[in-house]
Amino acid sequence: MKLRFLGKNSTPGDSPTLYASDQDTYVIQGWKVYANDLLMQLDVPAGQTVIEVPTELFEHLTKDGHENGEIKQFTDPIMILTEQGTCVLQGPEMHDAEALSQMRMPDYETCIEVPKSSIVALLEETSGPDHQR
């Protein structure tokens, strides 16, 4: 799998990053979630993992042809919106050796791979009530 770097939101020691793949997916690198209070709210099946990233990370979707990267719906794969302005995402943990070799990832981070359509749907307005979690 080939990755195309879209952007990152970094502070010293942290590096949530967004990539587009050649498989019509996005690869999202974020902080591993260990907090029991967050994990207890989720049903995490085998093969999936949970990460946390700043919501601003999705602003880099503009580099993949989207008009803006403002999240308007907080639904799957976003599972929780935190009070700190981050979102907790759940998805299949990335194991593709070729893709992982293109990334620099500290031990306390991991990445998930999700269909582009799942992320693009988050950018669309809903006509119903607010669905924020």
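Note that the coordinates shown come from a computational prediction; the quantities given were computed from them, not determined experimentally. For the single chain, residues carry numbers from 1 onward in sequence order.
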For Pro92 and Gln48, the nearest pair of non-hydrogen atoms, with its separation, is N-CG, 4.0 Å

| Minimum side-chain heavy-atom gap Leu42-Val88 below 4.5 Å | yes

When every non-hydrogen atom of Tyr19 is compared with those of Gln102, the smallest separation belongs to OH-O, 4.5 Å

Of Leu122, Val53, Leu6, the one forming a side chain to side chain contact (heavy atoms under 4.5 Å, CB included) with Phe58 is Val53

Rounding to 0.5 Å, atoms NE2 (His60) and CZ (Phe5) come to a distance of 7.0 Å

Between Glu109 and Lys32, is there a side-chain N and carboxylate O pair less than 4.0 Å apart?
-> no

Separation between CG (Leu57) and SG (Cys87), nearest 0.5 Å, reads 8.0 Å

Here the gap from Glu59 atom CD to Asn68 atom CG, rounded to the nearest 0.5 Å, amounts to 9.0 Å

*Salt bridge between Asp64 and Arg4, side-chain N to carboxylate O under 4.0 Å?*
yes

Heavy-atom count around Lys2 NZ within 6.0 Å, excluding the residue itself: above 12?
no

**Request:** Would you mind reporting whether Ser118 and Tyr26 have side-chain heavy atoms less than 4.5 Å apart?
**Result:** no

The reported gap from CD in Glu70 to CG in Leu61 (rounded to nearest 0.5 angstrom) is 12.0 Å

Between Thr62 and Gly69 the two heavy atoms that sit nearest each other are CG2-N, 3.9 Å

Discussion item. For the CD atom on Gln84, are there more than 12 heavy atoms of other groups (residues, nucleotides or ligands in this structure) within a distance under 6.0 Å?
Written reply: yes

- Query: Quick one: does Gln73's side chain get under 4.5 Å of Glu124's, heavy atoms only?
  - Reply: yes

Under a 4.5 Å cut-off applied to non-hydrogen side-chain atoms, are Thr55 and Leu81 in contact? yes

dist Ser21:OG -> Lys116:NZ (nearest 0.5 Å) comes out at 6.5 Å

Is Pro16 close to Lys8 at the side-chain level, that is, under 4.5 Å between some pair of heavy atoms?
no

Same apolar cluster (I L V M F W Y, side chains within < 4.5 Å links), Leu123/Ile78: yes

In the single-linkage hydrophobic clustering (I, L, V, M, F, W, Y; side-chain heavy atoms under 4.5 Å), do Ile51 and Ile119 co-cluster? yes

Rounded to the nearest 0.5 Å, the CG atom of Leu3 sits from the CG atom of Leu100 at a distance of 8.5 Å

Practice item. Decide yes or no for Trp31 and Ser15: does some side-chain heavy atom of the first lie under 4.5 Å from some side-chain heavy atom of the second? Key: no

Note: Glu113 and Met1 closest approach over all heavy atoms is OE2-CE, 2.9 Å

Donor on one side chain, acceptor on other, Thr49 and Gln90, under 3.5 Å: no

